[in-house]
Amino acid sequence: MPIFYDAATRSFRLDAGNSSYVMRVDPHGFLLHLYYGAKISDSDLGYLALPFNTSSFCPNPPGDPFGNFSLDNQPLEYPAYGTGDFRTAAVAIRGRNGCISTALHYRSCEIRPGKYSLPGLPAVYTNSDDEAETLEIVLEDDLTGAEVHLLYGVFANTNVITRAVVIKNTGTAAFSIEKAASAALDFPTMDYDLIHLYGQWAQERRISRESLSHDIRVVSSLRGSSSHNHNPFAALVAHSADEDHGEAYGFSLIYSGNFAIETECDSLDSTRLVMGINATDFSWNLDPGESFATPEAVLVYSQDGIGEMSRTFHKLYRYNLCRGEWKEKKRPILVNNWEATYFAFDDDKLVAIAKDAAELGIEMLVMDDGWFGKRNDDHSSLGDWFVNEQKLKGGLKSLVDRVNALGVQFGIWFEPEMISADSDLIRSHPDWCLCAPGREMSIARTQYVLDMSRADVRDYLFDTISGILSQANIVYVKWDFNRNLTEAGSALLPASQQQEVFHRYVLGLCELLDRLTSAFPHVLFEGCSGGGGRFDPAMLYYSPQIWTSDDTDAIERCRIQYGTSMVYPASAISAHVSACPNHQTGRSTSFETRGNVAMAGAFGYELDLTKLTDEERALVRKQVAQYHAYYDTIQNGDLYRLVSPFENENFCAWEYVSADRKEALVTFVVPRCRVNFTSFVRMKGLDPNMRYQDVETGRIYFGNTLMNAGLNLTAHWKDGDSHIYCFRAVEN
Ligand code: GLA
């Protein structure tokens, strides 16, 4: 089993796959973090604790006035604020005395089979109990009565450890939690690069990689959601690490709200990483007897480069985070009418698109924004989730029946958390908006945000959305979220608890999503937030695919999808072929390239099928056939990133290898051509001794030839060209 506890030395060793993670209770009762990395066989690593106290400016804990021990220079498992460790803290509790000083001493531990879950919060789960074990370590702050339960989910066969923390008030007075990270990690060196994913609307998840230095860095969001700007992910990798070699530690937070991943390198050249709910504008009142659970942090270790780290995340999130009927079910090819019609559609227009979809082999029509209230532009009606029968004459059921009669399934768009300034809902419930009393509300896209911390708001949304979904045969919901939270206060909470609102919002959202996905288990939910502004593991728990970006330009998508693949599997990355010139960039790329790039995700179309030329219709048929032929390799295979669009301006390439290594697909894209450029690409992940046939040319190569000598893809490429090369194993 993966968790070892040595009672004599009070040491813990967690062996997750080929990695080990070691802690020890030191003689003063503090829990030290001593090692995380490649698998080792010793459990007692007490010798790694630092033997000195640097100066009088590093205080000794009470009871050890002349000792060498200072919390300020020890590697700590869950560092507390205000009692001698001046580095970035994981936890800070304000007691009844008004002071924020927290001291956590070890009390007990428990090891049990299976993985813990977190009530009300999304978390990784096991498909069978023998996949993982749970370690629960209890630390205690005597003064406040705060019991801090550190939870570890240790996977036996993959390099994954999950962490979360539950804080219980076992005292007699209320206290407030000012900070409660999900995980903290101390590393003895700072020889790492920090990788994280940043961006903005229509340019999500660009890859940033920089060496750590003696400072504090924060990758974070205060937007109320994970955001376009920073993904709740960071990696620490060796300076020399690349896709295939070197150590990489990946950290992903299963949270769709304000988060922070802080890294601090101190004067001892060690590194601390702390991740969890953003402590800015956060404070949580905990009465005696109450508990507070943090979101879950996922830790992935790779000794074989950044690519292996990503593949570990992909498998975990595909099979141990996504849930429900659609987790592994083949996703339908859909056509979404947003870029086809925007708000200008009616039932006949949608049926016309569905008719072409049926002829072309497209399996689902998604009716996007504009079907409800009196919404003919983005100025009104969010919250009024009632069908606009002037647009959909005969009502929703009639439309869905007509689409279904063509053999096409039907999906629908909602933006549940929002309320338009011009809506019946705001006129009847002005107090349902998030607001800071006395301050005028900021407005974005003429909409405000509903107070998801309120049960009455959630009940209204559950009832209205259920009402729509029950009216007709609807099998897909696109759940959008098109602005960030401001003036985040709730009309129902006292002044002393307003700093709970950001987190209560997320809890409310999770509760509503849980209710709806349970009530409608057949419905495929797709997450969305102005494109990929909420592309995070928490949303994946409820919606196994997420609209990746509002930028549908194939060349831009190469970067967006490449960055997204750092953490998220192809099955999650919703990607559509759209019309040209592209609506976001004005660029024109070939229909083939738009298909080849979209093929790397949950595939679909986002254009007016009725306007396609015969030639384009033939290409749609070809792409639909390709999607089916390649489905298993792309959706269930392993991704190898070959040439990064962030590092090579002329071409980029990625590869999927089927689980049995018998099929490999290389997608090659030329974003920007130049004269006489050469393009050699080494394939990865093949069986070196197997022979593979290039399906198009018939030429046969050994796997080791393709991986070492590589492919020569030099040709007279033009801007925006692309190709998918398919290799299949042949009998030796
Ligand atoms: C967001 C989404 C788009 C579309 C519009 C509708 O921007 O990302 O795909 O649904 O909203 O208003």
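We number each residue from 1, following the sequence as shown. Both ligands and their constituent atoms are indexed starting at 1 by order of listing.
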### Query
Would you say T552 and L607 make side-chain contact, with heavy atoms under 4.5 Å?
no

#### Entry: ring-ring contact (aromatic ring centres under 6.0 Å, His included) partners of residues 505-536, not counting sequence neighbours, each pair once
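Those involving residues 505-536 are F535-Y568.
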
### Task
Could I get the full list of side chain to side chain contact (heavy atoms under 4.5 Å, CB included) partners for H379, not counting sequence neighbours?
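Listed in chain order: D377, T446.
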
### Message
I'd like to check the ring pair (Phe, Tyr, Trp, His ring centres under 6.0 Å) partners of H576; sequence neighbours left out, ordered by chain and number.
### Response
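Only W547 meet the ring pair (Phe, Tyr, Trp, His ring centres under 6.0 Å) criterion with H576.
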
### Message
Regarding N482 and Q447, do their side chains bring together a donor and an acceptor under 3.5 Å, going by distance alone?
### Response
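Side chains of N482 and Q447: no pair found under 3.5 Å.
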
### Query
Do the side-chain N and O atoms of Q584 and Q203 include a donor-acceptor pair separated by under 3.5 angstrom?
no

### Close-range residues for ligand 1, whose non-hydrogen atoms fall below the 4.0 Å threshold
W338, D368, D369, W413, R445, K478, D480, N482, C528, G530, G531, W547, D550

